[in-house]
Amino acid sequence: MSGVSKAIVQPLLDWYDAGHRDLPWRSEPTPYRVWVSEIMLQQTRVEAVRGYFSRWMNALPDIPALAAADEAVYTKLWEGLGYYSRVRNLHRAAVLLCEEYGGELPADYDRLLALPGVGEYTAGAVASIAFGLPVPAVDGNVLRVAARLDNDFTPITDAKFKKQTRERFAALMPSDRSGDLNQSLMELGATVCLPNGAPRCADCPIQHLCEGFHRGNAAVLPLRAAKKARRVENRTALVVRCGQLVGLRQRPKKGLLAGLWELPSLDGHLSPDELRAALTEMGWSVRKLLSLRPAKHIFTHVEWHMNGVYVELDAPAPTLTFVTPAELRDAYALPSAFRSFVSVLED
DNA sequence: AAGACGGGGGA
DNA sequence: TCCCCAGTCTT
């Protein structure tokens, strides 16, 4: 018997018991801590999450605290972590949990799945890890492990492969240790069954059950659909100063970097003359312009190629919010895209 | 089914 | 540069 079957369960649990990474959310796996960690871990590496998780738990130790928190507070706690709809959904769900469930997470897969920001994976992870329910938690690691175990060349990006994998693992969930089995699969994917053609099969506790290994295909699996090219957007970003204050703008409530603060910017790469004309047209009283080192920021689906300009004003521009550098650092959530430009304020 | 949605670490 | 990460939601 090989591939995804019940035979993998005990070897994986034994391997997990013999030693696994010491992660902050594993030490005290309360439903709230598991939930927050799983949301933070969506499309995000463990090492990136560690610091955010600790800060978050200190500031917002339970669901009622999160529900009562100001938007500026939880957004600032998420600053730099990316995919900011996650934190908005986290807060929305906390409010909902206080209204509907007495401020606690329900021990029920379908009710978890119904929460904003909770999909099939996260519902399974919370249900199994926090509540011990025998449901699978299939993430990118598990898809890769499954493709190799079964020597399956179906692109793991296909919805049908994901659905089939969930069903395969659902059939072998132990009634007592589903959370540990799910975590062992993810741990295996993150530390042994590595992506990019670099599996460490010699260290794998279920190598003898792996069809991909036996066929010599572990390194070429899994297959993925090709990804498409990013579009490029040219912008001119402004570090606006008026006295000791810095001019910021809040982004729209929907779309990219929704609701975060940003440096004001104009479409395209403007020459100094064009920029001066555009700013004067907007009614800004420009005292001085100074070019900064250009910066490139790469998102999943778009690249910003930004020219930076330091702008000194005689009077505050009415459309901007002016704050001190200290306020910007401590209270305004600014995307990483602007980091290099903001660094000029530190002198 | 495809696109939107961040950011960073490693090859 | 590209890959891909303890994915979800919208269209």
Side-chain angles (χ1 to χ4, degrees), chain A residues 20-21 23-26 29 34-53 75 78-90 92-93 112-130 136-145 155-163 166 169 179-191 193-198 222-231 251-252 254-260 262 295-304 333-340:
Chain A
H20 53 68
R21 292 171 294 175
L23 306 179
W25 43 92
R26 281 180 174 164
V34 172
W35 174 44
V36 171
S37 72
E38 291 300 343
I39 300 294
M40 286 186 171
L41 286 162
Q42 289 169 5
Q43 292 293 286
T44 308
R45 288 189 158 75
V46 163
E47 290 315 313
V49 167
R50 284 182 185 272
Y52 283 91
F53 181 80
T75 304
W78 209 269
E79 179 187 45
L81 198 53
Y83 286 149
Y84 297 93
S85 65
R86 292 185 291 175
V87 74
R88 293 192 298 275
N89 284 332
L90 206 45
R92 274 212 298 151
L112 291 168
L113 185 59
L115 296 172
V118 177
E120 303 271 8
Y121 163 74
T122 305
V126 175
S128 62
I129 298 169
V138 174
D139 71 335
N141 288 307
V142 182
L143 291 173
R144 181 172 61 256
V145 170
I156 61 171
T157 39
D158 282 11
K160 64 171 186 276
F161 183 81
K162 193 179 291 187
K163 177 174 163 57
R166 273 200 305 273
F169 281 104
D180 286 344
L181 179 61
N182 284 330
Q183 293 193 84
S184 75
L185 283 160
M186 294 188 277
E187 186 91 1
L188 188 74
T191 64
C193 199
L194 299 171
N196 296 322
L223 266 52
R224 269 180 182 276
K227 42 199 59 165
K228 45 202 70 95
R230 289 181 292 263
R231 69 175 183 277
R251 293 182 60 82
K254 285 192 169 299
L256 187 64
L257 305 170
L260 274 70
E262 67 173 353
K296 175 158 62 173
H297 191 80
I298 300 177
F299 299 95
T300 306
H301 58 297
V302 59
E303 292 182 24
W304 282 355
L334 192 79
S336 302
F338 303 102
R339 192 169 296 162
S340 70

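Per chain, numbering begins at 1; letters A, B, ... match sequence-line order. This structure is a prediction, so every number in the text was calculated from the model and none was measured.
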**Asked** For the pair made of CZ in A:Arg86 and C1' in B:dG7, what is the distance, rounded to whole Å?
**Response** 9 Å
**Request:** Might you point out which heavy atoms bring A:Ala190 and A:Arg144 nearest each other, and give the distance in Å?
**Result:** N-NH2, 4.3 Å
**Residues forming a side-chain hydrogen bond (donor to acceptor under 3.5 Å, both in side chains) with A:Arg45, sequence neighbours excluded** = none
**Request:** Looking only at non-hydrogen atoms, find the nearest pair between A:Gly189 and A:Pro195 and report the distance.
**Result:** O-CD, 4.4 Å
**Request:** Quick one: the dot-bracket string of DNA chain B, using Watson-Crick and G-U wobble pairs with both distances under 3.5 Å, [ ] for crossing pairs and | for bases paired to another strand.
**Result:** |||||.|||||
**Request:** Report which part of the nucleic acid A:Lys296 touches: base, sugar-phosphate, or nothing (heavy-atom distance under 4.0 Å, all strands).
**Result:** sugar-phosphate
**Request:** Apply side chain to side chain contact (heavy atoms under 4.5 Å, CB included) to A:Arg92 and A:Leu115, showing your working.
**Result:** CA-CA 9 Å; A:Arg92 274 212 298 151; A:Leu115 296 172; over 6 Å; no
**Item:** Nearest-angstrom distance, P atom, B:dG8 to C:dT8
**Value:** 22 Å
**Message:** Side-chain N or O of A:Arg224 versus OP1/OP2 of C:dC4: is the shortest distance under 4.0 Å?
**Reply:** yes
**Asked** For A:Leu185, which contact category applies under a 4.0 Å heavy-atom criterion: base, sugar-phosphate, or nothing?
**Response** nothing
**Residue list, ring-ring contact (aromatic ring centres under 6.0 Å, His included) with A:Tyr121, at least two apart or on another chain** = none
**Request:** Please answer whether the main-chain N or O of A:Asn141 pairs with a side-chain N or O of A:Asp139 as donor and acceptor at a distance below 3.5 Å.
**Result:** yes
**Item:** Spacing of the P atoms in C:dC4 and B:dC5 (rounded, Å)
**Value:** 22 Å
**Request:** Please name the pair of heavy atoms, one in A:Ala295 and one in A:Ser340, separated by the smallest distance, quoted to 0.1 Å.
**Result:** CB-OG, 3.5 Å
**Item:** Pair listing, salt bridge (Lys or Arg N to Asp or Glu O under 4.0 Å) test, anchored in residues 78-90 of chain A, at least two apart
**Value:** A:Lys76-A:Glu79
**Request:** Could you tell me the separation between the CD1 atom of A:Ile298 and the P atom of B:dG7, rounded to a whole number of Å?
**Result:** 12 Å
**Footprint string (nucleotides 6-11 of chain C, 5' to 3'): B base within contact, S backbone only, - free, heavy atoms under 4.0 Å** = BBSS--
**Asked** Roughly, in whole Å, what's the span from CH2 in A:Trp304 to C1' in B:dG6?
**Response** 10 Å
**Request:** Between A:Ala48 and A:His301, just flag the one whose closest nucleotide in DNA chain B comes earlier from the 5' side.
**Result:** A:His301
**Message:** With a 4.0 Å cutoff (strictly under), does any side-chain N or O of A:His297 reach OP1 or OP2 of B:dG6?
**Reply:** no
**Nucleotide nearest A:Ser336 when distance is taken to its side chain, options B:dG7, C:dT1, B:dA4** = B:dG7
**Message:** Rounding to an integer number of Å, can you tell me how far A:Arg50 CZ sits from B:dG8 C1'?
**Reply:** 16 Å
**Message:** Base, sugar-phosphate or nothing for A:Ala159? Non-hydrogen atoms, less than 4.0 Å.
**Reply:** sugar-phosphate
**Complete:** ring-ring contact (aromatic ring centres under 6.0 Å, His included) filter on A:Phe299, not counting sequence neighbours, yields A:His297, A:Trp304
**Asked** Which comes earlier along DNA chain B counting from the 5' end, the contact point of A:Leu257 or that of A:Asn196, where each point is its nearest nucleotide?
**Response** A:Leu257
